[in-house]
Enquirer: 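Below: one structure in C-alpha cells.
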Amino acid sequence: MGQQVIACGRQFTAAQLADTQNNNYSLPQIKRRPAFLRVKHRLVCQRCQQVVLPQTCLPDGRHYCAQCLLFGRLVEGDWLYTVPECHLFENNIPKLTWEGQLTPYQEQAAQAVVEVVQTQKRHVLTAVTGAGKTEMLFQGILVALQKGQRVCLAAPRVAVCLELYPRLQAAFATTSIMLMHETEPYRYTQLVICTTHQLLKFYHAFDTVIVDEVDAFPFVDNPVLVTAVEQACKPQCALLYLTATPTPAIKRAIAAKQMTVSELPLRFHGHLLPEPHRHVAFNWRAQLKKGRLPKRLERDCQTCLKTQQILLFVPQVRLLQPVANRLSTLLPAVRIETLHANDPDQIKKITAFRAQQIQLMVTTTILERGVTFKNVAVLVLGAEHMVFNEAVLVQIAGRAGRHKDYAQNPVHFYYQDYTRAIKGACRQIKAQNQRGRRLQSTV
C-alpha cells in the first residue's frame, strides 16, 4: 500500500493538505466541500456540525469555528478536503489469533455483534464491568475484516486505547493495525484504534465503528464527538456502542427503536459484582488538614493490604499528596504512589502497579475505567463529591473482582453526605446482580 494511500478516508484543512503534499504523499483523489454552510441564518461548521457563535470572528470580520479549533482552524470561506476511502483490503486474509474461549453468555453477545456487522445496524451492547466486552468483539471484527472492510475501535480516553491496543494486536496478528497518537505518523491500516477526538480527522472512512465507554467523559453529552463518530462512518456502516452504564440519550434511542440492544449482566468468570460497603466519614476534610484520615479507612487499608493491592480514589488532585503522606506514615513498609491525568509518569506507574511493584495507588478518576488489575480492593474517599456521579462510581467499583480468583475483592465508599449518586450507584450494581442471578439460574 505504501505512501500513495496514506490519506485514504481522511479530511484536511487547506494547510494540512499542503503539508501532506509537501511530505511527498501522493493523494489518489481529492474532493472538497465548503467548511461552513448557512442554515436558517446560522453559520454551521461542516467538520463538527456546531453553530458558530457571532462573536468568534477574526479582526477582518470572518468567522471561525472554536469548537474544533484544536484540529486546525477553519475560517469562513475555507474548504474541507477529503480523500475517499481506497478499499484496498479485499485481498487480505485476516485470522483471529486469539486462543481464548468465550463463555456461553459471552458467545450470545458475540453473535449479536456479528449480526450487527453483517446487517450494518446501530446497536448498543450493555455489559457489566469485567464482562469481557473486548473479547466479545473479536468475532464481529473478524467478519468485517474478512469482507475487506475497514474497522475502527474508538474510546474517549487515551488510557483505554492503550489498554485495547495490545489486546487487539495479539488477537489480529496478521492484520495491519495502528494506535493513533499525535506523535506517531499516520499509517493506512485496516484496523484503527484511536480516541473519539481523532475521528474528526476522518470522513466516511470505516465500514464498522465501535465506540467503547460511551458514557465516559469527554464523549458523554458532547455533540462534537458524536458528530466525529457519525462522519467517520461510511453512509452504510455498522455502529456499535459499548457501555456498562447506558446514558439517558442511549436509553431514549433504544426506546425509539433507533438502536437495537443486547445485555450481559454477568462477568466473564460468572461471579456477581462486588457491592459497595458504605461508611459515613464526617469532617474527613478537616481531619486531613490535621494530617489524619478516617479511622475506618485506615483500618480497611491495613486489612486489605494483607491479601491485595489497593486503589484509593480521591475527588481532587490537591488531595493526592496529603492522603499519600498520611498513609506513608501509617504504612511505612508499603510502596505508595499518586496518579492523576497530567502525571508525566502515568504509564510507568500503571505498569508498575500492574506488576505489583506498587501496593497502594492514590488516584483521581483517571483510573475509573478501561484498566484491569488482577487483585485490588477499591476505596473511594469523599464519594459525595460531584465528580463522583452515579456512572463514575459504578465504573470505579467495577475495578474490583475482575479476576476469577479474586471475585470477592471489596469496595468501600467513605462519604460525609449520602448523595443521590452514591444511592443510585449502589442500586444499579444491586439491580445488575439481580439480573445476573436470574441468568445464572437458567444454566
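We number each residue from 1, following the sequence as shown. Heavy atoms only: backbone and side chains are in, while hydrogens, waters and symmetry mates are out.
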Enquirer: Hey, mind stepping through L240 and V211 against side chain to side chain contact (heavy atoms under 4.5 Å, CB included) and telling me if it holds?
Expert: CA-CA 6 Å; L240 177 63; V211 186; over 6 Å; no
Enquirer: Looking at every heavy atom in both P315 and R285, which two are closest together, and how far apart are they?
Expert: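 Smallest interatomic distance, heavy atoms only, reads CG-NH2, 4.1 Å.
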Enquirer: For R354, I'd like to know if atom CZ has over 12 heavy atoms of other residues, nucleotides or ligands within 6.0 Å.
Expert: yes
Enquirer: For R292, is there an ion pair with E298 - N to carboxylate O distance below 4.0 angstrom?
Expert: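 No salt bridge links E298 with R292.
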Enquirer: Say you draw a straight line from CZ of F388 to CG of L381; how long is it, rounded to the nearest 0.5 Å?
Expert: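 The CZ atom of F388 sits 8.0 Å away from the CG atom of L381.
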Enquirer: Considering only heavy atoms from C-beta outward, does the side chain of F12 approach that of V83 to under 4.5 Å?
Expert: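 They are in contact (side-chain heavy atoms under 4.5 Å apart), so the answer is yes.
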Enquirer: If you apply the rule salt bridge (Lys or Arg N to Asp or Glu O under 4.0 Å), what do you find for E230 with R122, and how did you get there?
Expert: CA-CA 11 Å; E230 294 287 348; R122 292 174 174 244; 2.8 Å; yes
Enquirer: Is the closest side-chain donor-acceptor distance between N375 and Q309 under 3.5 Å?
Expert: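 No - no donor-acceptor pair under 3.5 Å links their side chains.
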Enquirer: Using every non-hydrogen atom in the two residues, find where A127 and M136 come nearest and quote the distance to one decimal.
Expert: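 Looking at all heavy atoms of both residues, the closest pair is CB-CE, 4.4 Å.
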Enquirer: Show your reasoning for whether side chain to side chain contact (heavy atoms under 4.5 Å, CB included) applies to L339 and V362.
Expert: CA-CA 6 Å; L339 188 71; V362 187; over 6 Å; no
Enquirer: If you measure only the distance, is there a donor-acceptor pair under 3.5 Å linking the side chains of W98 and Q139?
Expert: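 There is no such pair (donor and acceptor under 3.5 Å, judged by atom type) between the side chains of W98 and Q139.
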Enquirer: So, for W284 and E384, which heavy atoms are closest and what is the spacing to 0.1 Å?
Expert: NE1-OE2, 3.0 Å
Enquirer: Are side-chain heavy atoms of T363 and I366 found at a separation under 4.5 Å?
Expert: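 Yes. Closest side-chain heavy atoms under 4.5 Å.
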Enquirer: Considering residues, nucleotides and ligands other than I347, do more than 12 of their heavy atoms fall under 6.0 Å from its CD1?
Expert: no
Enquirer: Taking C-beta and beyond as the side chain, do C301 and L327 meet within less than 4.5 Å on heavy atoms?
Expert: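 Answer yes - side chains close enough.
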Enquirer: Regarding E107 and Q111, do their side chains bring together a donor and an acceptor under 3.5 Å, going by distance alone?
Expert: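 Yes, side-chain donor-acceptor contact under 3.5 Å.
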Enquirer: Please examine the side chains of F206 and V192, heavy atoms only from C-beta on, and report whether any two atoms are closer than 4.5 Å.
Expert: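 Yes, their side chains come closer than 4.5 Å.
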Enquirer: Would you say Y165 has more than 12 foreign heavy atoms packed within less than 6.0 Å of its OH?
Expert: yes
Enquirer: So Q149 and Q120, do their side chains get closer than 4.5 Å, heavy atoms only?
Expert: yes
Enquirer: Would a 4.5 Å heavy-atom cut-off, applied to side chains only, mark T13 and R73 as touching?
Expert: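 Side-chain contact under 4.5 Å: no.
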Enquirer: Show, in sequence, the C-alpha distance, side-chain angles and deciding distance for T129 and R267, and conclude whether the side chain to side chain donor-acceptor pair (under 3.5 Å) test is met.
Expert: CA-CA 7 Å; T129 55; R267 289 183 153 178; 3.3 Å; yes
Enquirer: Any salt bridge linking D207 with K234? Criterion: basic side-chain nitrogen under 4.0 Å from a carboxylate oxygen.
Expert: yes
Enquirer: Using the side-chain contact (heavy atoms from CB on, under 4.5 Å) criterion, which residues pair with P265? Sequence neighbours excluded.
Expert: E263, R435, L439
Enquirer: Among residues two or more places apart or on two chains, list those pairs meeting salt bridge (charged side-chain N to carboxylate O under 4.0 Å, His left out) that have a residue in residues 127-142.
Expert: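 As it turns out, the salt bridge (charged side-chain N to carboxylate O under 4.0 Å, His left out) pairs with a partner in residues 127-142, which skip direct neighbours, are E135-R167.
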Enquirer: I would like to know whether T174 and I93 meet side chain to side chain contact (heavy atoms under 4.5 Å, CB included); could you show each step before the answer?
Expert: CA-CA 8 Å; T174 63; I93 307 176; over 6 Å; no
Enquirer: Please find the pair of heavy atoms, one from K349 and one from T338, that lie closest to each other, and give the distance.
Expert: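 Looking at all heavy atoms of both residues, the closest pair is NZ-O, 2.8 Å.
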Enquirer: Assert yes or no for the condition that the ring centre distance of F282 to Y415 is strictly below 6.0 Å.
Expert: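 Ring-ring flag for F282/Y415: false, centres at least 6.0 Å apart.
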Enquirer: Between Y188 and F89, how do the two ring planes meet: parallel, tilted or perpendicular, split at 30° and 60°?
Expert: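 Geometry flag for F89 against Y188: parallel rings.
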Enquirer: If the threshold is 4.0 Å, N to carboxylate O, is there a salt bridge linking E337 and R335?
Expert: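 Salt bridge: yes.
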Enquirer: Under the ring-ring contact (aromatic ring centres under 6.0 Å, His included) test against H279, which residue among Y418, F413, Y414 passes?
Expert: Y414
Enquirer: Decide if atom NZ of K147 counts as having more than 12 heavy atoms of other residues, nucleotides or ligands within a radius under 6.0 Å.
Expert: yes
Enquirer: Could you tell me if Q287 and K290 have a donor-acceptor pair between their side chains, going purely by distance under 3.5 Å?
Expert: no
Enquirer: Using side chain to side chain contact (heavy atoms under 4.5 Å, CB included), reason through L199 and C152 one step at a time and then give a plain yes or no.
Expert: CA-CA 9 Å; L199 290 177; C152 177; 3.7 Å; yes
Enquirer: Which heavy atom in H340 sits nearest to a heavy atom in T364, and how many Å separate them?
Expert: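 The pair with the smallest heavy-atom distance is CA-OG1, 3.6 Å.
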Enquirer: Name the one of D212, V229, L125, I210 that satisfies side-chain contact (heavy atoms from CB on, under 4.5 Å) with Y241?
Expert: V229
Enquirer: What distance do M361 atom CE and L311 atom CG have between them, rounded to the nearest 0.5 Å?
Expert: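 If I round to the nearest 0.5 Å, the distance is 7.0 Å.
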Enquirer: Any side-chain heavy-atom pair from F373 and R399 closer than 4.5 angstrom?
Expert: no
Enquirer: Step by step, would you call F138 with F172 a ring-ring contact (aromatic ring centres under 6.0 Å, His included)?
Expert: CA-CA 9 Å; F138 290 166; F172 298 97; 5.8 Å; yes
Enquirer: What do you reckon, is CG of D345 surrounded by more than 12 foreign heavy atoms closer than 6.0 Å?
Expert: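 Atom CG in D345 is packed in, count exceeds 12.
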Enquirer: CG of D405: more than 12 outside heavy atoms within 6.0 angstrom?
Expert: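 Counting neighbours around CG of D405, more than 12 heavy atoms of other residues, nucleotides or ligands fall under 6.0 Å, so yes.
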Enquirer: When you look at E368 and R157, which way does the salt bridge (Lys or Arg N to Asp or Glu O under 4.0 Å) test go after all the steps?
Expert: CA-CA 11 Å; E368 78 176 67; R157 299 185 181 181; 3.4 Å; yes
Enquirer: Side chains of T260 and H123: any donor to acceptor distance under 3.5 Å?
Expert: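 On atom types as modelled, these side chains qualify, holding a pair under 3.5 Å.
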Enquirer: Side-chain donor-acceptor pair under 3.5 Å between T82 and H204, yes or no?
Expert: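 No pair is found: no donor N or O on one side chain lies under 3.5 Å from an acceptor on the other.
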Enquirer: Show the nearest heavy-atom pair for residues T189 and R150, with the distance to one decimal.
Expert: O-NE, 2.9 Å
Enquirer: Once you measure the plane-to-plane angle for Y186 and F202, does it fall in the parallel (<30°), tilted (30-60°) or perpendicular (>60°) bin?
Expert: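 Perpendicular.
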Enquirer: Using 30° and 60° as the class boundaries, would you call the ring planes of Y406 and H403 parallel, tilted or perpendicular?
Expert: tilted
Enquirer: Just wondering, do L162 and L179 contact through their side chains at under 4.5 Å, heavy atoms?
Expert: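 Yes, close enough: below the 4.5 Å cut-off.
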Enquirer: R369: which residues meet the salt bridge (Lys or Arg N to Asp or Glu O under 4.0 Å) condition with it, sequence neighbours left out?
Expert: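 R369 satisfies salt bridge (Lys or Arg N to Asp or Glu O under 4.0 Å) with E213, D215 once adjacent residues are dropped.
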